[in-house]
Amino acid sequence: MIWGLGVGYVISGMYFGWNLGLKEGGTLGLAIATFFIIILYVCFTFSYSELACSIPKAGGAFDYANRAFGKDIGFIAGMAQNVEFIFAPPAIAFAIGAYFHLFFPGIPILAIAISVYLLFTALNIYGVKAAAIFELVITILAVGELLIFAGVTLPHFKMSNLKMDALPNGWQGILTAIPFAIWFFLAIEGVANVAEETIRPQRTILVGFGSAILTLVVLCILLFTSSVGVAGWKAIVYDATGNLSDSPLPLALAQIVNTNHFLFHLLITIGLFGLVASFHGIILAAGRATFEFGRVKFAPSILGKIHPRFQTPAVALLFNMLIGILALLTKKTAEIITISVFGALTLYIVSMVALIRLRKKEPALERPFKVPFYPAFPVIALTIAAISFIAMTIYNRDLAIIYLLIMGGSYILFKLLSRKSKR
């Protein structure tokens, strides 16, 4: 089940988003960025699991940071988690719209994306939750379809296509490709919050997270090489009109089979299952994170209200949907992904420092699961995350300013609310 949750949260990143990094770094630039990001996620997920097992609270990151450093740093970690989880769904909604648009080209992508947002927010308010077995089934289907895609495209693989304009923007392209490399694995940390519910966590977490990370790494390498190897990276970055595409796999498959072919329709249909699994899962996580923020008075208390009839965090879900739709209206998938990644990297940095701090501050704290190779794993994750954050800030200054304004404005509101509650 942990494998299913881990892969299910992330699987949408295999279907879209990562291809936009090819525009920045080319084949070689994105490949190098992805290599280091894989190391980051292997080290981070096991380190984060220790925190989840030792401090089993729904707030996740802000509970860990709050215990290690106090409310101010706790707020920063929690707000970063909110940014990550609130801005990831709009990007996925765009991809759902792009895939659905291939079936019904007469319906605008934006209209489909907004409709999907309204539908799944309504379902979550009503109380419909995807059972773990349902998530597991559609995750297996989505993984199976990715393997079929690789099986169809790999026979047409040509090494010359990987070498074609492999580093279009020079070595700085490696740094600008970082957020899209992270998109391959973004949100897997959400699964660590179920760590306290596992049987024999020392073994189960290692097997569950280890198998999930291994699956995602294998899929990442397979998809990267098979899709680019068909006709070069430009064929899966730009559509027929020359615009950036949110559906790279259908573009690659269209180089081999006709768009009316059974395999083409199978890819789109099951691909939508994968996208929906991640979209629904992250909306659930985002609603929970925002609700917790309101409940503990880190944000306006209305966000922490429960619907009287359905007993769901309706206000938090509606608030997140509003932000998501506003992001959708910008029609800037790459920029939305980048802001989400800024939040994720902040979360990773603060969490790793909190882990190291708690080891020293509370050595007697019960830790059902301990990260292997301590302190190497958290230090490596912290180092790569910090370098990635700095690189993204340098090459995405406008988006970095927007992110810092979101964080700074939220922090000011938090301090004002704190003073008001003391009175």
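- Tyr238 has its side chain within reach of Lys23: a pair of non-hydrogen atoms, C-beta onward, lies under 4.5 Å apart.
- Under 4.0 Å is where a charged nitrogen must lie from a carboxylate oxygen, and between Glu50 and Arg367 at least one such pair does.
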>> Assess the residue pair Asn19 and Phe180 against the criterion (side chain to side chain contact (heavy atoms under 4.5 Å, CB included)); give the C-alpha distance rounded to whole Å, side-chain angles, the decisive distance to 0.1 Å, and a yes or no.
In response: CA-CA 7 Å; Asn19 64 308; Phe180 307 102; over 6 Å; no
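- In this structure, Leu216 and Gly6 approach most closely via the heavy-atom pair CD1-O, 4.3 Å.
- In this structure, Glu145 and Tyr15 have side chains that are in contact, with non-hydrogen atoms separated by less than 4.5 Å.
- Atoms CD1 and CD1, from Ile178 and Ile387 in turn, are 8.5 Å apart once rounded to the nearest 0.5 Å.
- Note: Tyr48 and Tyr64 have perpendicular aromatic rings, judged against thresholds of 30 and 60 degrees for the angle between ring planes.
- No donor-acceptor pair closer than 3.5 Å links the side chain of Thr121 to the backbone N or O of Leu118.
- Note that NE2 of His101 and OG of Ser247 are 9.0 Å apart. Values are rounded to the nearest 0.5 Å.
- In this structure, Phe94 CZ and Ile337 CD1 are separated by 10.5 Å, a value rounded to the nearest 0.5 Å.
- The closest side-chain heavy-atom distance from Phe185 to Ile38 is below 4.5 Å.
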> Going through the distances and angles, do Phe389 and Tyr348 end up as a ring-ring contact (aromatic ring centres under 6.0 Å, His included)?
Replying inline: CA-CA 10 Å; Phe389 189 95; Tyr348 302 162; over 10 Å; no
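- At least one donor-acceptor pair under 3.5 Å links the side chain of Thr34 to the backbone N or O of Leu30.
- Between Phe279 and Ala93, the closest heavy-atom pair is CE1-CB, 3.9 Å.
- Side-chain contact between Leu251 and Val237: absent, with no pair of heavy atoms (C-beta onward) separated by less than 4.5 Å.
- Counted within 6.0 Å of CD1 on Ile302, heavy atoms from surrounding residues, nucleotides or ligands total 12 or fewer; the atom is thus considered open.
- Ring geometry for Phe120 versus His280: interplanar angle of 30 to 60°, hence tilted.
- Counted within 6.0 Å of NZ on Lys361, heavy atoms from surrounding residues, nucleotides or ligands total more than 12; the atom is thus considered enclosed.
- We find the CG-OG1 distance between Leu20 and Thr176 to be 12.0 Å, quoted to the nearest 0.5 Å.
- The nearest pair of heavy atoms linking Gly274 to Ala142 is CA-CB, 3.8 Å.
- Smallest separation of non-hydrogen atoms from Ala381 and Cys43: CB-CB, 3.9 Å.
- A donor-acceptor pair is defined here as one N or O able to donate and one able to accept, closer than 3.5 Å; such a pair exists between the side chain of Asn320 and the backbone of Ala286.
- The backbone N or O of Leu222 lies less than 3.5 Å from a partner atom in the side chain of Thr225, making a donor-acceptor pair.
- In this structure the side chain of Asn161 never reaches within 4.5 angstrom of the side chain of Trp233, judged on heavy atoms.
- Taking CG from Asn396 and CZ from Phe342, the interatomic distance works out to 5.5 Å, rounded to the nearest 0.5 Å.
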>> The test is ring-ring contact (aromatic ring centres under 6.0 Å, His included); show your working for Trp3 and Phe209 and say whether it passes.
In response: CA-CA 6 Å; Trp3 173 89; Phe209 257 123; over 10 Å; no
> Can you check side chain to side chain contact (heavy atoms under 4.5 Å, CB included) on Phe157 and Val228, steps first, answer last?
Replying inline: CA-CA 8 Å; Phe157 170 86; Val228 178; over 6 Å; no
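- Closest approach of Tyr374 and Arg359 over heavy atoms only: CD2-NH1, 3.3 Å.
- Proximity of a side-chain donor or acceptor of Ser340 to a complementary backbone N or O of Glu84 within less than 3.5 Å is detected.
- Closest heavy-atom contact between Gly287 and Ala316: O-CB, 3.7 Å.
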> Taking it one step at a time, do Thr153 and Leu249 satisfy side chain to side chain contact (heavy atoms under 4.5 Å, CB included)?
Replying inline: CA-CA 10 Å; Thr153 53; Leu249 303 191; over 6 Å; no
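- For Ser278 (side chain) and Ser12 (main-chain N/O), a donor-acceptor pair under 3.5 Å exists by modelled atom type.
- Salt-bridge formation is not detected for the pair Arg357/Glu362: no Lys NZ or Arg NE/NH1/NH2 atom is positioned less than 4.0 Å from an Asp or Glu carboxylate oxygen.
- Two residues are said to be in side-chain contact when any heavy atoms from C-beta on lie closer than 4.5 Å; Ile323 and Phe87 meet this criterion.
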> How far apart are the C-alpha atoms of Leu382 and Phe44, what are their side-chain angles, what is the distance that settles it, and do they pass the side chain to side chain contact (heavy atoms under 4.5 Å, CB included) test?
Replying inline: CA-CA 8 Å; Leu382 173 61; Phe44 170 78; over 6 Å; no
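- For Trp18 (side chain) and Met14 (main-chain N/O), a donor-acceptor pair under 3.5 Å exists by modelled atom type.
- Put simply, CD1 on Ile76 and CZ on Phe62 are 14.0 Å apart, with the number rounded to the nearest 0.5 Å.
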> Are Tyr41 and Phe36 close enough, and set up right, to give a ring-ring contact (aromatic ring centres under 6.0 Å, His included), and what steps lead you there?
Replying inline: CA-CA 9 Å; Tyr41 272 94; Phe36 286 101; over 10 Å; no
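- With contacts defined as side-chain heavy-atom distances shorter than 4.5 Å, the pair Leu263/Ile148 qualifies.
- Side-chain contact between Phe184 and Val10 is absent, with no heavy-atom pair separated by less than 4.5 Å.
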